[in-house]
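The residues of the chain are indexed from 1 along the displayed sequence.
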Amino acid sequence: MNKLNHEKNTQTASYEMGETVFVLQKCTEEDPESFHYFKQFEKKEGVILEEIEHPRLQYRVKFGQAEAVLYHEELTNGNQRDVPIKGTDHQEGWEGEVEWYTQKEVADLLGVSKATVYHYGKQKKIMKILDPHRLHKEARYEKAEVDRLVSEKKSLPTGMSPNEVAKKLGLSVQSVYKYIQDGSIKAEAVPYGDERITYVISETAYHEAEKSLKPSETQRPKKYEYYDAKNDIVLYQRFHSNKIPEARVIRNEEKVFGFYLPNIQKLLTYEEGINNYALKPSYSIHQSPLDYKGYVELQVPKNEVVFYPFLDYLYKTWGVENVRIREQNSSVLLFIRAGERPLMPEDISITDILPYLINGEMHHEDDTLILRSPNRKTSFELPIELLETISDLAEQEGISISKWVEQKLSSIIK
């Protein structure tokens with residue numbers, strides 16, 4: 001926080017009247033007011049018309065038909081001079097007692113960008129101190145209004161954002177918003193930016209959601225765990241380019257999809273891989289869905305030679321429509337729809353895969369891979385009240401009724 005009777009340092013050399021200078025733009029579009037002020041004089045030749053020493057060294061400069069008031073450090077003649085500033089920061093009309101924050105200080109206090117502070121001033125949410133002669137390097141705002149906004153912000157509920165909850169639960173952000181709307185995740189709406197709102201999820205609400213929504217090991221994987229619909233890529237899918245012979249789709253700890261280059265053990269963001277290395281898919285990952293006849297389950301270690309070739313075969317021949325993946329620390333769980341698909345000798349050997357079959361049947365006949373689910377459909381009658389109770393219990397555990405019944409019967413039989 002500052003006052004307008006701020007003391008400054010002493011100066012040394014300065015530019016001469018009539019000297020030719022150019023603008024040194026030292027800000028970005030995050031400070032739109034200063035940025036666009038500088039931009040109009042960028043690359044133009046200016047002439048010093050007047051030196052102004054109060055409250056700090058600056059000049060009135062003529063650029064063609066336009067004039068500007070600029071600080072010494074905002075100009076250059078090809079040999080930039082470092083000139084400390086002097087005088088008192090005492091602007092006429094604001095006599096000594098008006099307290100203020102710089103634009104950067106306001107941004108830090110409110111936890112927003114400098115551009116947002118600029119828009120707050122435009123919207124009259126905070127009061128900007130006028131400075132028509134640019135006597136101050138950075139825009140300033142009255143302390144009282146800024147402190148009021150800071151106080152309001154502190155009174156808002158605290159907790160996690162939808163994005164943070166999505167990462168912790170392994171869900172997409174869109175899913176979290178959907179669950180907030182239908183009440184599955186309890187959240188409080190808070191103001192955000194220009195007439196918008198966001199949501200805050202408390203620790204208690206998060207733990208409640210975690211129990212009911214986080215995928216359990218007994219559930220089959222949800223598609224968002226292994227498939228990025230926006231970019232149409234799937235976990236461990238093979239990409240390549242003229243520069244990169246092989247790249248694999250990965251998902252980092254923040255649940256963001258990117259690329260891994262096995263040959264040089266390098267990680268890339270999705271944008272880097274596509275834009276900088278021209279990576280493209282090595283095959284299509286889509287096939288027609290098979291009729292549902294259950295799933296065959298495999299657990300394949302990531303360090304096995306067969307790991308990538310088998311996944312490539314599944315994506316090319318069965319398609320992401322018939323394969324589900326759950327990544328584990330050192331292996332992946334594969335759930336493949338029961339059915340039949342071609343398997344040529346050059347694709348992969350079934351003998352390399354059979355050791356990793358954990359549920360179901362797998363056969364190779366006449367260049368065809370045949371998968372059979374271990375489950376057989378059956379039916380039996382239950383009282384409606386009991387069926388409703390089982391349904392509620394299964395929903396609480398996040399699994400299907402069939403899976404719930406299977407688990408309970410297995411525990412009794414064992």
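- Distance alone, capped at 3.5 Å, is enough to place a donor-acceptor pair between the Asp182 side chain and the Ser184 backbone.
- The shortest distance between side-chain heavy atoms of Lys44 and Phe22 does not fall below 4.5 Å.
- Atom CD1 of Ile384 sits in a sparse spot, with 12 or fewer heavy atoms from other residues, nucleotides or ligands closer than 6.0 Å.
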- Message: Lys222 vs Glu225, test: salt bridge (Lys or Arg N to Asp or Glu O under 4.0 Å). Steps then yes/no.
- Response: CA-CA 6 Å; Lys222 302 294 185 183; Glu225 292 184 53; over 6 Å; no

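- The CD atom of Glu105 lies 7.0 Å from the CH2 atom of Trp100; values are rounded to the nearest 0.5 Å.
- The closest side-chain heavy-atom distance from His72 to Tyr59 is below 4.5 Å.
- The 12-atom threshold is not exceeded at CG of Asp291, counting heavy atoms of other residues, nucleotides or ligands nearer than 6.0 Å.
- Within the structure, every pair that satisfies the salt bridge (charged side-chain N to carboxylate O under 4.0 Å, His left out) test and touches residues 233-249, not counting sequence neighbours, is listed here: Glu246-Arg248, Arg248-Asp312.
- In this structure, Glu164 contributes its side chain and Ser161 its backbone to a donor-acceptor pair below 3.5 Å.
- Scanning for salt bridge (Lys or Arg N to Asp or Glu O under 4.0 Å) contacts around Lys302 gives Glu327, with sequence neighbours left out.
- Contact check for Ile180 versus Ile201: side-chain heavy atoms found under the 4.5 Å cut-off.
- Distance alone, capped at 3.5 Å, is enough to place a donor-acceptor pair between the Asn322 side chain and the Leu290 backbone.
- In this structure, the side chains of Leu24 and Glu74 stay at 4.5 Å or more apart for every pair of heavy atoms.
- Partners of Tyr308 under the ring-ring contact (aromatic ring centres under 6.0 Å, His included) rule, at least two apart in sequence or in another chain, do not exist in this structure.
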- Take Asn359 and Val296, measure what side chain to side chain contact (heavy atoms under 4.5 Å, CB included) needs, and give me the verdict at the end. CA-CA 6 Å; Asn359 216 348; Val296 170; over 6 Å; no

- Show the numbers, then the answer: is there a side chain to side chain donor-acceptor pair (under 3.5 Å) between Thr204 and Ser202? CA-CA 5 Å; Thr204 301; Ser202 68; 4.7 Å; no

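- The side-chain contact (heavy atoms from CB on, under 4.5 Å) with Val249 is formed by just one residue from the set Tyr227, Tyr260, Phe257; it is Phe257.
- By the neighbour-count criterion of 12 heavy atoms within 6.0 Å, atom CG of Asn242 is sparsely surrounded, having that number or fewer from other residues, nucleotides or ligands.
- Going from atom CH2 of Trp404 over to atom OG of Ser391 covers 10.5 Å, rounded to the nearest 0.5 Å.
- The neighbour count for Asp366 CG, taken as heavy atoms of other residues, nucleotides or ligands under 6.0 Å away, does not exceed 12.
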- Yes or no on side chain to side chain contact (heavy atoms under 4.5 Å, CB included) for Ile244 and Phe239, after CA distance, side-chain angles and deciding distance? CA-CA 9 Å; Ile244 306 294; Phe239 275 65; over 6 Å; no

- Item | Evaluation steps, side chain to side chain contact (heavy atoms under 4.5 Å, CB included), between Lys316 and Gln287 | CA-CA 8 Å; Lys316 286 189 292 185; Gln287 297 290 338; 5.9 Å; no

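- Checked by atom type and distance alone, the side chain of Glu188 never pairs as donor or acceptor with a backbone atom of Val200 at under 3.5 Å.
- Remark: the backbone N or O of Lys114 is paired with a side-chain donor or acceptor of Gln103 at under 3.5 angstrom.
- Taking the six-membered ring for Trp, Tyr356 and Phe310 have ring centres at least 6.0 Å apart.
- Taking CG of Leu357 as the reference point, atom CD of Gln299 lies at 11.5 Å (rounded to 0.5 Å).
- With sequence neighbours excluded, the residues satisfying salt bridge (Lys or Arg N to Asp or Glu O under 4.0 Å) with Asp108 are Lys104.
- Heavy-atom neighbours of Lys62 NZ from other residues, nucleotides or ligands within 6.0 Å: above the threshold of 12.
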- Message: Before you tell me yes or no, could you show the steps for Glu340 and Arg372 under side chain to side chain contact (heavy atoms under 4.5 Å, CB included), namely the whole-Å CA-CA distance, both residues' side-chain angles and the distance that decides it to 0.1 Å?
- Response: CA-CA 9 Å; Glu340 300 180 4; Arg372 296 284 181 261; 3.2 Å; yes

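- No donor-acceptor pair under 3.5 Å is formed between the side chain of Glu304 and the backbone N or O of Pro301.
- In this structure, the side chains of Pro309 and Asp347 stay at 4.5 Å or more apart for every pair of heavy atoms.
- Applying the ring pair (Phe, Tyr, Trp, His ring centres under 6.0 Å) definition to pairs two or more places apart or across chains, those involving residues 265-290 are Phe259-Tyr270.
- No hydrogens or angles considered: a donor-acceptor pair under 3.5 Å links the side chains of Asp147 and Tyr101.
- Two residues are said to be in side-chain contact when any heavy atoms from C-beta on lie closer than 4.5 Å; Glu142 and Glu99 fail this criterion.
- Contact of the Leu369 side chain with the Met362 side chain is registered, since non-hydrogen atoms from C-beta on lie closer than 4.5 Å.
- Results of the side-chain contact (heavy atoms from CB on, under 4.5 Å) test with Arg341 over Leu314, Thr317, Thr368 single out Thr317 as the only residue that passes.
- The CD atom of Glu361 sits 10.5 Å away from the CD1 atom of Ile370 when rounded to the nearest 0.5 Å.
- Using a 4.5 Å heavy-atom threshold, the side chains of Leu311 and Val300 count as separate.
- When the side chain to side chain contact (heavy atoms under 4.5 Å, CB included) test is applied to Val47, no partner is found at least two apart in sequence or on another chain.
- With rounding to the nearest 0.5 Å, the separation of CG in Leu268 from CD in Glu271 is 11.0 Å.
- Residue Leu382 holds its CG atom at 11.5 Å from CD of Glu388, rounded to the nearest 0.5 Å.
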